[in-house]
Each structure stands twice: as structure tokens, then as C-alpha cells.
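One structure below.
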Amino acid sequence: MEYNHKKIEAKWQKVWEKEKLYSPDIKNLKKKDKFYNLWMFPYPSAEGLHAGHAFASTGSDVIGRFMRMNGKTVFQPIGYDSFGIHSENYAIKINENPKEVVKRTTKHYEEQMRSLGHGYDWTRTVTTSSEDYYKWTQWLFLKMWEKGLAYRKTAEVNFCPSCKTVLADEQVMTPKQAGKEPRSANGELIVNNEDLRVCERCGTVVERKNLDQWFFKITDYADRLLNGLDTINWSQRVVTAQREWIGKSEGMKIDFKIKDSDEIITVFTTRPDTLESVTFIATFSDELEKPEKSKEKLGKFTGKYAISPVDGRELPIWETNYVEKNYGTGFVMGVPAYDEHDMEFAKKYSLDILSNSLNDKLWDEIPKKKWGVKHTNYHLRDWLVSRQRYWGAPIPMIDCDKCGWVSVPEKDLPVTLPDIKDFKPEGNGRGPLANHEEFWKVKCPNCNGEARRETDVMDTFVDSSWYFLRYPSVGSDTSSTLLGGPRSKNASASREAAGISRLPWDNDINKNWLPVDLYFGGAEHAVLHLMYARFVNMVMYDLGLIDHEEPFPKFFAHGLMIKDGAKMSKSRGNVVNPDIYIEKYGADTLRLYVMFLGQMDGYPDFRDSGIEGMSRFLKRVYKLFTQNSISGSSLLRVASQTSRSASADLRFILNKTIKGVTEDIKLFKYNTAIAKIMEFVNELAKYEVLSTKYLVVLAQLLAPFTPHLSEEVWREILKQKGSVHTSTWPTYDEKYLHAEQVEIVVQINGKLRSQLIVKNEESKNKNKIIQLAKQDEKVAKWLVSGRIKKEVFIPGRLVNFVV
RNA sequence: GUCGGAGUGGCGAAAUUGGUAGACGCGCAGGAUUUAGGAUCCUGUGGAGUAAUCCUUGCAGGUUCGAUUCCUGUCUCCGACACCA
């Protein structure tokens, strides 16, 4: 019997779907039994999934299957982050409407993800660009507005000249961080400059523009976002990244009077204890050249002086290129003696340098004498959410000459994104919808007067900030019931008509299923999606709409797959298409291979020769099952060994393997878990006839990694009841965890000289072992020349003679 | 610059209260089978040496009976933040 992966995989994928194996009964649940297993949903790109996605998503699937076999009710949903710039940019490139493109790409993604054999609940998917989803994204905006967390202001913002839209601070990074070659506005490559700030999506150098934009007040949540980090179990590097992005620094705002004027300027400092050594005041300048790395500091004296509140000294005020306009107050007190930047500047412009001793008392004195107040400053800025693009959720706001900005009433949602042909961004500061009067010309919901609808759409990261709250309720008729209200569809429809407040999720369902038990995803979202989602979740919590403050108590940051020494990307041409390998070797082989490559949080390099080895392994495994068709007895006939007590040996190996594999999976150490399964298989292969119990366990241990093959042998060969995936994970017995015989290492001066094979019980007997060791030929040779100064004995492990 | 993480065979990697370095796999070599190739199976495989033995976890030291593991210094690579006051 040959291992026919195509037949086996297609067969069980159908059966599982028919049996609803991965669609839990969402409403009947004991909370302690649930396991909400979430993988960051992908945006459906035109190229389709690559092997890197397979690596990450399989890592998530393995733990889901493991938890299911450990008695949990597992809910593992999947969806598409299909709204936004990433999808739209591609549509523009091929000159097609994004709506049409997304239809195609999501279909392709679904086929690919199904072919990988992941245990997704396909009855509950989410597509952020569908109307029944984005109306709730708009609803979210309304909640932000009602709570005073959405506001409009003119600010200097980042503008991508290629994407022709503004970007949030988090979406602007160095080319390296973005993984892009930097380009100028006209598309030319820029070489040798690591310090540029580019668009996260396209790598184009961003411009700064003063524009009127919509923001979410995430800074109101800075402290809670920071403190919450202590309560969650996340990969350390992500916590650190988020902490640094929030960038809390505690200090003071201190006022300085300006000489011969009523004006007052305020500086922010974290070192009020240096106040007595201030010699100048520095501020930003719009004219001076923006600094680049190691560029020298420039300054221009303003002619004005500030007065030191401590001693009345006159401090020259300088415009400089090293003070940030958008950080603190825009004014810095120059303390050359205690700050290297100030020192550099002071030296260059021959400013005074004063090094009075530090004065800790100033922390109390300054507020007392009303010179200043305690102040905490954050690096985090408010989240700029408007985009001058087409492919996103229209911002549900209306601008009325009489009433000002008025929100669209909830009952009027969604504000439907119209089908238009001219969806390309123009870069004039307004989105494509601004060209469509039929879209923006509306009556004011307040006064019924002439008004204009907002024509910007929302940032993609708003779409993805709440999708995990939606999944469990998808497909339930109750998904849009009143908060705590009756569940009947009619009742909810009539209330909907009446415009009564509703929720995007079923509250009863969400109470049971949230928060997410394990969130699996890439670390590149540390300060983007992961922070936005926490923020939105906290707002929902404050509104009393959910009852958990942190959406992801546990987050695992997986690594990134590498090919030929570089991150997979289309531009490098090193993208590995999993379809080819699934076709040739099967999903199980691919899954097992990518899990075996290296650590889940590492950077494994994909190789063709490696997957062939894995294919050989699975063929051997399959053969092991088909050849050993059931002895029924627990006795073994040994094929290639003349071993003493084969049955006891195998029992020891069995228990050791179960223990090791179980512990490794819990720690996401899939590579070593698989290595242990391989050792087990190598051991089993030595026997001609095997008791079923070993094969049953083998099928189970493999099940999270190779779900199809395991199911095939479980049901068809081992004739077990039900699915292997709902079977109970094997347990081990401590009493079988010691081998009959153990090896004792004998060292002379710490160097390995011999090994003794002894009975397990004897291995802990110091006198006996030392005596045996001394008698050993190889050891004796080393002992003749010297006198034993010391004998070190580690029970069951080693003897070391110091001579 | 600051703060993290890492450096182990030809390759991907294992190994932590300090106790056989290189598990598992790839690759390679030899053999069996085959008309041949492929596939499969068996054996070997860190380096040097006929061997005894010596050397080997980036480098240099230290602690210890014993160090990939702990300490000091140093180099390299990767990541986060970066003129943040």
C-alpha cells in the first residue's frame, strides 16, 4: 500500500467538514473548556499564500489540535483583512476594481488554506471589506465619536506621495523596518540612506504636510496600555517594543518668563534637578535643515532671553535643528553640563556651561513655588485614522454649515462605499469619493439643511482592530441583537428599524468566548495592530460592551521564514509557493517539514532537499502502520534485535516519548517534538509485529502535525472510534519513565574515559559504582599513574576521579 | 549611541538547577537491491592521527573535579528605540 497523499487529504477534508469537526457548538459552552485559538488574519494578496504563511498558520493549527485532544472546545476562525491600501494598491496596478480583485483573491486564499488542512471553522469567517462587516467598523467610529475619542484637527502629518494619502505615525518607519527599498516620490530608488522615513506599504519617503484629519485619542489610554502590559503573557520582545513606543517619561513642565515681555515659554524636562545649571533655551526651527544621522547641530539666536526662575539669570533662546516640534512642549532647557546634546550645541556656539550640583529638592520646590508642574510625556501620538483613498470604510460623519460635524445616525449605517470607476487616489488631499457629488451631497441629519459627507475612508488598522470580537458571533442569527435583549430575528429587525442601539456581536456568546486564549502572529505588528486592538478593546470595555480589558492575554510572536538567506518577498523573487509542495508531497509533509525546520520563533530557511527527507519519513510512517496490521496482543516479536526485554524497553520509550512530545508542544518547541516522534518511529521500525497500542499513540502524537495521515490510519487501519482529532491525548505513566539499564559516565579529571552499563537500581549506589568504575579496563589504565585525590559521584549519571 | 537577543559540524539545528557536545534531519561516502537510473534498505559521517590519543560550542581569560551553560573582557551578526529633552 502506497502512501497516496492526494487521496487521503481530499478525503478527510471532506469528512471533517461534513462532520463539523472544527465548528464548535458556539452557544453551549463551559467557559473553562474553551480555547479561542486565533491566528492573525491575512490580507489576501494577489500572489496568494506563501510558505511563510504556511509556517505561521501551521504553528497555530498545531496548538489548536493539541488543545482539542486535551479536552478543550477549540474555536479557530479565519478571515480576510481585505479592505485597505494593500489590497487597493494591487488593484490599481492591474487596473481593476478592488472589489472584483478581492473576490478573486479571497477565494484563492480560502482554497490554499483549506488545502493546508487547518482546523478552521469555515462557518464563521470575516471579510473586512464586506458591507455587513464594515458597517460595524463605522459603528465603532460612532462609538469613538460619542465618547469624545474621535476628533478632527489640523496637524503636521505624514503623507505618502505614492499612496497619495496620510499615514499614522506607526505606519512610517525606516526602509529596513518596512523591508522595502526606499524610493523618492517619483519612484526612483534611493541608495545609501538608512535614516529615511518611509511608507510601511510602498517604501516611498514620506512628506510632512499640514492637513485637517480625523484622529482617535489613543493617548488618553497611554497609561492603561502601558500598565496592561504587566498583566499579559506576551513574547518579551513585543512587550518591550510596545513599551518603548508608548515611551512614557516623567518629568516637569517649567515656565520661563521672557525678558522685557509678558510672554512665557514652557519647557518639558525629565531632569528638573539640573535647573540650576541651565544656560540656554532651545526650540525647534522650521527653517533650519532637518538633522540626519551624525549631522551637526545647527542653531540661530532669536535675540530673546528667558529668565531662570531659580536665580534670575538671563538665558538666550535659540532656534535649533535638534529639538522636535512634536515632542514635549517644543522647548528644551539647555543644560550642557548634564546633557551631551546640549553640550555639543553649547560648545559649537560658545554658550555658557554651568555645572552646579544636582538638586533633588527641586522636584518638590518647583511645584511649591509655582515655577512648574509635574508632567508625564509620551512618545505615543494620537492615531490618525483618515485616509484619502477609496478602498476602505467611509467615515460616517457629515459636515453641516450650521451644525458643524454631525455623526451619521446608527440606523443609517452602513454608509455604503459606492462602486465608482475613478477610484485611483489623486494626491490632492482629498479621497476619490470627493469627486462624487451623489455620495457626498447629503442632508444634515440634525437640521436637514445642506451638508457634505466626509469623503475620507478609515485606516485598514481600524478594520482589524476588532475582528476577533466578531468571529464567534458570525453565522449566529443573534449576531446583531440588542445588548441583553431578546434573540428573535424579528425583534432584532424591528429594533434595528427603530434605530435602537445594537452590537456587532452577540453579548452572551462573547462573554463565553472572549478573551482570545492564544493569539499567534508576527512581531512586526507590535506597535501597529497589536496596540490598536488593545486600545479599541479597552474602549469597548469602558463602554460596558465587553467584559474583558485585554483582548489577548497570551500572544506568541512567531518568526519569519527565510529563503536563500533573505526574508521572502516578491520583489526578491524568493517566494516559495506552498501549492507546488502540497501537490507533490502533500499538506502533511509540508506541515511537518516547516514545523521541523527550526524554532517557531526563529527564522528557518526553506530548502527543497529538506522537504524530500520529510516525505521519506512520512512514507516510512505509513508503511509502519500498514505493515504492522494489528497483532492484537501486547507481545512483541523482535525482528532485528536480540534484546533482552523488548517489551519493557519499548514501554519505557513509549512513555518517554509521550512525556517529551507533550512538554515540547506546550512550549511551542515543535522541532524537537517532531525529532522525538522520529526517534520513536525509528525504534518501532525495529520490530516486525507491534501491539496496536504503540501505533495508536503514534497516530495521536502525529495528529497535530499530520492531521490527514493520522486520521487515515486511525480510522482505516487501526479501526479506532471517531476522529483521532477528538480522541484523548495520550498520557504517560511515571513508573515506566526509567530505563532498565542506564549508562554511567566515568571521567578522569573531567575527561570522558569510559562508560558503564548498569542496572537502574544499582546506578545510585555510590560504593558499588565507584568500585565498578575502578575495575574498568580503560579507567584502570589512567589510575595506575596517579593517586586519586577526589571522587565525584552523581547518582545515576557519572563518576569523576581527580588524580 | 542606548537597550535587548544570538554566535555550536558541509547545512537546518539539539543539549540549562554546570555532568557523555552535536539528538533529529539534510547533505555526503561506502554497501545491498536493480540490466541501468530512480526509489528503498543497511553502515559510516565534527577535525587531526595507522593507533593510543589530542583538538573542538566567535575570541581571550576566570571560577569549578567538570563550562555550550556561570563570571570578566572582547569581536561579529540580528532586532527594538534613536538628537525624546
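Letters A, B, ... are given to chains in the order of the sequence lines, protein chains preceding strands, and every chain is numbered from 1.
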Next item on the list: Quote, to the nearest angstrom, the P distance that separates B:G9 from B:G46.
Entry: 13 Å

Check: Is the backbone N or O of A:Leu298 less than 3.5 Å from a side-chain atom of A:Asn321, with the two atoms forming a donor-acceptor pair by type?
Finding: yes

Item checked: C1'-based separation of B:U35 from B:G22 [nearest Å] -> 42 Å

Margin query: Please verify the inter-ring angle class for A:Tyr349 with A:Phe345; under 30° counts as parallel, over 60° as perpendicular, anything in between as tilted.
Written below: tilted

Notebook entry, point to check: Have A:Asn377 and A:Ser249 got a donor and an acceptor in their side chains that come within less than 3.5 Å?
Noted result: no

Note to self: Between B:A21 and B:A13, how many Å separate the two P atoms, rounded to a whole number?
What the structure shows: 23 Å

Checklist line | A:Glu324 side-chain proximity, nearest of B:C84, B:U40, B:C41 | finding: B:C84

Next item on the list: Could you give me the CA-CA distance, side-chain angles and deciding distance for A:Lys659 and A:Glu663, then say whether salt bridge (charged side-chain N to carboxylate O under 4.0 Å, His left out) is met?
Entry: CA-CA 6 Å; A:Lys659 183 171 194 263; A:Glu663 285 170 356; 3.5 Å; yes

Checklist line | Gap in Å between the two P atoms, one belonging to B:U68 and one to B:A60, rounded | finding: 13 Å

Notebook entry, point to check: Mind checking whether A:Phe301 and A:Trp318 have parallel, tilted or perpendicular rings, split at 30° and 60°?
Noted result: tilted

Note to self: Could you tell me if A:Lys297 sits above the aromatic ring of A:Tyr322, with its cationic atom closer than 6.0 Å to the ring centre and no more than 45 degrees from the axis?
What the structure shows: yes

Next item on the list: Could you tell me whether B:G38 is syn or anti, where syn means a glycosidic angle within 90 degrees of zero?
Entry: anti

Notebook entry, point to check: If you pin A:Asn682 and A:Arg616 to their nearest nucleotides in RNA chain B, which one's is more 5'?
Noted result: A:Asn682

Checklist line | Watson-Crick or G-U wobble mate for B:U76, both contacts under 3.5 Å | finding: B:A6

Notebook entry, point to check: Is any N or O donor-acceptor pair between the side chain of A:Glu743 and the base of B:U20 shorter than 3.5 Å?
Noted result: yes

Checklist line | Same-atom distance (C1') from B:A6 to B:U16, integer angstrom | finding: 16 Å

Next item on the list: Could you tell me which nucleotide pairs with B:U45 by Watson-Crick or G-U wobble geometry, both distances under 3.5 Å, or answer none if nothing does?
Entry: B:G27

Item checked: Opposite nucleotide pairing with B:U16, Watson-Crick or G-U, both atom distances under 3.5 Å -> none

Notebook entry, point to check: Separation of A:Lys789 atom NZ from B:U64 atom P, in whole Å?
Noted result: 13 Å

Next item on the list: Select one nucleotide: of B:A23, B:U20, B:C83, the one nearest the side-chain heavy atoms of A:His341.
Entry: B:C83

Notebook entry, point to check: Side chains of A:Glu2 and A:Tyr622: is there a donor and an acceptor less than 3.5 Å apart?
Noted result: no

Next item on the list: Can you figure out which of B:C84, B:A80, B:A85 approaches the side chain of A:Ala241 most closely?
Entry: B:A80

Note to self: Testing the basics here: between A:Phe331 and A:Thr266, what is the closest heavy-atom pair and its distance to 0.1 Å?
What the structure shows: CB-O, 3.3 Å

Next item on the list: Let me know the distance between NZ of A:Lys619 and P of B:G38, rounded to the nearest Å.
Entry: 15 Å

Note to self: Among B:G19, B:A85, B:C54, which nucleotide has an atom closest to any side-chain atom of A:Arg753?
What the structure shows: B:C54

Check: At under 4.0 Å between heavy atoms, what does A:Gly613 touch on the DNA or RNA strands: base, sugar-phosphate, or nothing?
Finding: sugar-phosphate

Margin query: Between P on B:G79 and CD on A:Glu524, what's the gap in Å once rounded to a whole number?
Written below: 13 Å

Notebook entry, point to check: A:Thr269 has a side chain; which of B:G25, B:A85, B:C81 sits nearest to it?
Noted result: B:A85

Next item on the list: Take atom P in B:U34 and the same atom in B:C24, then report the distance between them in whole Å.
Entry: 31 Å

Next item on the list: Grab the OH-P distance between A:Tyr585 and B:A39 for me, whole Å please.
Entry: 10 Å

Notebook entry, point to check: Do the side chain of A:Lys790 and the base of B:C65 come within less than 3.5 angstrom through a donor-acceptor pair of N or O atoms?
Noted result: no

Note to self: Does A:Glu679 reach a base, just sugar-phosphate, or nothing at all? Heavy atoms under 4.0 Å.
What the structure shows: sugar-phosphate

Note to self: Go through it in stages, so that I can follow the logic: the residues are A:Lys686 and A:Glu683, the test is salt bridge (charged side-chain N to carboxylate O under 4.0 Å, His left out), and I'd like the CA-CA distance, side-chain angles, deciding distance and then a yes or no.
What the structure shows: CA-CA 6 Å; A:Lys686 291 178 185 165; A:Glu683 200 57 40; 3.3 Å; yes

Next item on the list: Would you mind classifying the nucleic acid contact of A:Arg243 as base, sugar-phosphate or nothing, using non-hydrogen atoms under 4.0 angstrom?
Entry: nothing

Next item on the list: Return the 5'-most residue of the pair A:Phe801, A:Phe617 with respect to RNA chain B, ranking by each residue's nearest nucleotide.
Entry: A:Phe617

Check: Looking at B:A85, B:C24, B:A82, which one has an atom nearest to any side-chain atom of A:Arg197?
Finding: B:A82

Item checked: Identified pairing partner of B:C81, criterion: Watson-Crick or G-U wobble below 3.5 Å -> B:G1

Next item on the list: Between B:C55 and B:A67, how far apart are the P atoms? Round to whole Å, please.
Entry: 12 Å

Next item on the list: Pick base, sugar-phosphate or nothing for A:Asn800, based on heavy-atom distances below 4.0 Å to the nucleic acid.
Entry: base

Margin query: Can you confirm whether A:Arg381 is buried at CZ, in the sense that more than 12 heavy atoms of other residues, nucleotides or ligands lie under 6.0 Å from that atom?
Written below: yes

Margin query: Given B:G19, B:C55, B:C81, identify the nucleotide with an atom nearest to the side chain of A:Lys751.
Written below: B:C55

Next item on the list: Mind calculating the distance between OH (A:Tyr327) and C1' (B:C81) to the nearest angstrom?
Entry: 12 Å

Next item on the list: Run the salt-bridge test on A:Lys774 and A:Glu791 with the 4.0 Å N-O cut-off and return the result as yes or no.
Entry: yes

Check: Between A:Gln236 (CD) and B:G5 (P), how many Å, whole number?
Finding: 9 Å

Checklist line | Interatomic distance where NZ belongs to A:Lys686 and C1' belongs to B:C42 [whole Å] | finding: 13 Å

Next item on the list: Could you tell me whether A:Val332 contacts a base, only the sugar-phosphate backbone, or nothing, with contacts defined as non-hydrogen atoms closer than 4.0 Å?
Entry: base

Mind listing the N/O atom pairs, protein and nucleotides 13-17 of chain B, below 3.5 Å?
unit_1: B:A14; atom_1: OP1; unit_2: A:Gln599; atom_2: NE2; d: 2.9
unit_1: B:A14; atom_1: OP1; unit_2: A:Asn671; atom_2: ND2; d: 3.0
unit_1: B:A15; atom_1: OP1; unit_2: A:Lys669; atom_2: NZ; d: 3.1

Notebook entry, point to check: Hey, does A:Thr270 reach any base, or is it just sugar-phosphate, or nothing, if we go heavy atoms under 4.0 Å?
Noted result: sugar-phosphate

Notebook entry, point to check: With both distances kept under 3.5 Å, what pairs with B:A67, Watson-Crick or G-U wobble?
Noted result: none

Notebook entry, point to check: In the structure shown, which nucleotide is the Watson-Crick or G-U wobble counterpart of B:A32, with both distances under 3.5 Å?
Noted result: B:U40

Check: Can you tell me how far C1' in B:U76 sits from the matching atom in B:G37, rounded to whole Å?
Finding: 46 Å

Next item on the list: Could you check how far OH of A:Tyr670 sits from C1' of B:C24, rounded to whole Å?
Entry: 18 Å

